Undergrad: 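Once you've had a glance at the structure underneath, I'll fire off some questions.
Residue numbering restarts at 1 for every chain, and letters A, B, ... go by the order of the sequence lines. None of these values were measured; they are calculated from a predicted model.
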Protein chains: 2
Amino acid sequence: MVNVVVVQNDPVFGNVSGNLEAVSRMLSERQVPRPDLIVLSELFASGYQFVSVSEVKELSEKVSGPDAGPTGSFMKNLSRETKGLVVGGFPCQKDGRVTNAAAVFKNGELLTVYDKVHLFDAENRWFSPGEGPLCLVDTDFGPMGVMICFDWLFPEVARSLALSGALLIAHPANWVLPFGPSGMILRSVENRIFTLTANRVGTESRGGLSPLTYIGQSQVVAPSGEVLARAPRETAAILEVSFDPARARNKTVASESDAFRQRRPALYHL
Amino acid sequence: MVNVVVVQNDPVFGNVSGNLEAVSRMLSERQVPRPDLIVLSELFASGYQFVSVSEVKELSEKVSGPDAGPTGSFMKNLSRETKGLVVGGFPCQKDGRVTNAAAVFKNGELLTVYDKVHLFDAENRWFSPGEGPLCLVDTDFGPMGVMICFDWLFPEVARSLALSGALLIAHPANWVLPFGPSGMILRSVENRIFTLTANRVGTESRGGLSPLTYIGQSQVVAPSGEVLARAPRETAAILEVSFDPARARNKTVASESDAFRQRRPALYHL
């Protein structure tokens, strides 16, 4: 069994240190001191609704090394404290570009950084899309995929990760469209994997742009489609759930139906 | 604009002539005398819960030619009457095998027969799986895909059809699992196409097998995910909807996001 914590926060745009403190306070109320995995939302400390390239640059960070920014350092320290995995989103400085990224830390070590491949709407103005590969991380409890928010709409992402062995997908998000929660249930069901979405709440309305209201409903879904936990729509919350990732090795849909063995790749045009 | 009719029926196992009459009565109440497309459920005239191979053989039919069975003849005549398309499911005799098939008739002519590729549970005992290709039909209002029931769970099917140009998918079903209705909303959303599911209602409990309760909720979903019409869970019903299939040519999810152009096939492992 693994113990996971999903953090649904309510960041204030640009107030990185305040947002990190708020996440710390939320996490201090957890029941399990050393969860195997903590999932934080997309851009959880910077906020989401950028209005200029210079603003994006200013809030972007290096994730590790001597110039590591506050968000990477926070995740690193948190993972050292729990001796487990921490996944969370931040605007990542990389060779003069900025990506919408998720870092994966384990016990104080950076395992990998995933750059979001499918950028949503105005993100295309602020971020460089990830060049891949999709993000699959080996963990003590089996392979874990990572994808970010809008990646979910492309069924190929969760499918590719699951076919490559992912038993669970950690999914930092800043959902504004209504289909995410039911959509991620389907990603679990069609791939028979656990999915853990950390969304945020609150509204951002900056620089004359249309307001963005984030829909909360962070959730943990089992391979059967059962919602093991779901956060409210409008308030910050943490979810704590235990499950056995090995359940996701079983791709049985019904006694004589299997979600993977019955695939017919030769007939698909993808 | 096309006018479509989706028929959610309540067949009695094995009573083919009675089931065809019941569908005729339901259709006699339609508002539009000549709908462009009528979608009937999977195995809509035979019933679903077979208990032996001999029973499957007995109820299987040829779809056309001098030995055409009653279900094919019914669909043919219906399409001649409406001068439009009719899609419906039946157990299809084919070279000594039986497939779980859907026929597509237009104005009295058989256009094609699709054999279900992904068989659900006990169907694996009764039917030969389809050998492809997936079913894409040219119509006056653009390319139409056809898939049958459990095909929906494999995201590759709707995706392949949509990438091949399908603006809508006609989807005869006999859903028993709960995820179909929300799942098909997602198939519309991720592919920005119309989906038309004709499910059935009722319970079958034959030959000591576990009872199967069909969950109704036949529906027509727009590319945006809007449910244009949905039938009840437990009673037979027809849905009549008009929509413009050309809306499905637009793959825009948000002003700067596109469900197709943003795909990154080189990064997927499928």
Undergrad: Would you mind checking which part of A/S255 comes under 4.5 Å of any heavy atom in chain B, side chain (CB onward), backbone (N, CA, C, O), both or neither?
TA: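 For A/S255, heavy atoms of backbone and side chain both lie under 4.5 Å from chain B.
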Undergrad: Quick check: closest heavy atoms across A/R263 and B/E156, and the distance to 0.1 Å?
TA: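 Looks like NE-OE2, 2.9 Å.
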Undergrad: Nearest 0.5 angstrom please: B/H269 NE2 to A/L136 CG, how far?
TA: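 Here the rounded value is 9.0 Å.
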Undergrad: Who among A/P265, A/S182, A/G225 has the most heavy-atom pairs with chain B under 4.5 Å?
TA: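 Sorted descending by pairs with chain B, the first entry is A/G225.
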Undergrad: Report the distance from atom CZ of A/R264 to atom CG of B/D151, rounding to the nearest 0.5 Å.
TA: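 Reported value, rounded in 0.5 Å steps: 10.0 Å.
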Undergrad: At a 4.5 Å cut-off on heavy atoms, which part of B/L161 comes close to chain A: side chain, backbone, both, or neither?
TA: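 Neither part.
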Undergrad: Enter the distance from A/W152:CH2 to B/L186:CG here, rounded to the nearest 0.5 Å.
TA: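 The CH2 atom of A/W152 sits 5.0 Å away from the CG atom of B/L186.
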Undergrad: At a 4.5 Å cut-off on heavy atoms, which part of A/R187 comes close to chain B: side chain, backbone, both, or neither?
TA: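 Just its side chain gets close to chain B.
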Undergrad: What part of A/L270 is in contact with chain B, defined as an atom under 4.5 angstrom from a non-hydrogen atom: side chain, backbone, both or neither?
TA: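 Contact with chain B involves both backbone and side-chain atoms of A/L270.
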Undergrad: Hey, which of A/A254, A/A266, A/S164 has the most heavy atom pairs under 4.5 Å with chain B?
TA: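 The residue among A/A254, A/A266, A/S164 with the greatest pair count is A/A254.
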Undergrad: Return the option, out of B/P178, B/P133, B/P155, with the maximum number of heavy-atom pairs under 4.5 Å with chain A.
TA: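 Between B/P178, B/P133, B/P155, the count favours B/P155.
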Undergrad: Other residues, nucleotides and ligands only: do more than 12 of their heavy atoms fall within 6.0 Å of CZ on B/R97?
TA: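 Yes.
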Undergrad: Looking only at heavy atoms, what is the nearest atom pair of B/S257 and A/D121, with distance?
TA: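 Scanning both residues, the minimum pair turns out to be OG-N, 2.6 Å.
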Undergrad: Output the option from B/G130, B/P129, B/A162 having the highest count of non-hydrogen pairs under 4.5 Å with chain A.
TA: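 Of the candidates given, the most pairs with chain A belong to B/G130.
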Undergrad: Give me the atom names and distance for the closest heavy-atom approach of B/R125 to A/E256.
TA: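 Taking every non-hydrogen atom into account, NH2-OE2, 2.5 Å.
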Undergrad: By a 4.5 Å heavy-atom criterion (distance strictly below it), what part of A/N191 contacts chain B: side chain, backbone, both, or neither?
TA: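 Interface part for A/N191: neither.
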Undergrad: Under the side-chain contact (heavy atoms from CB on, under 4.5 Å) criterion, do A/V189 and B/L177 qualify, and how do the steps go?
TA: CA-CA 11 Å; A/V189 167; B/L177 299 181; over 6 Å; no
Undergrad: Is atom CD of B/E234 surrounded by more than 12 heavy atoms (other residues, nucleotides or ligands) closer than 6.0 Å?
TA: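 It does not: B/E234 CD has 12 such atoms or fewer within range.
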Undergrad: Side chain, backbone, both or neither: which part of A/T252 has an atom under 4.5 Å from a heavy atom of chain B?
TA: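 Contact with chain B: none, neither part.
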Undergrad: What part of B/L267 gets closer than 4.5 Å to chain A, counting heavy atoms only: side chain, backbone, both or neither?
TA: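 Backbone plus side chain of B/L267, per the 4.5 Å heavy-atom cut-off to chain A.
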Undergrad: How close do B/Q262 and A/L119 get, counting heavy atoms only, and between which atoms?
TA: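 Looking at all heavy atoms of both residues, the closest pair is NE2-O, 2.7 Å.
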Undergrad: With a 6.0 Å cut-off (strictly less than), is the heavy-atom count around NZ of A/K251, excluding the residue itself, greater than 12?
TA: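 Yes, because the 6.0 Å sphere around NZ of A/K251 holds more than 12 heavy atoms from other groups.
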Undergrad: Show the nearest heavy-atom pair for residues A/F154 and B/D258, with the distance to one decimal.
TA: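 Of all heavy-atom pairs spanning A/F154 and B/D258, the closest is CZ-O, 4.0 Å.
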Undergrad: Name the region of A/E131, side chain, backbone, both or neither, that has any atom closer than 4.5 Å to a heavy atom of chain B.
TA: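 Backbone plus side chain of A/E131, per the 4.5 Å heavy-atom cut-off to chain B.
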Undergrad: Go through the atoms of A/F120 and report whether side chain, backbone, both or neither lie under 4.5 Å from a heavy atom of chain B.
TA: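 Contact with chain B: backbone and side chain both.
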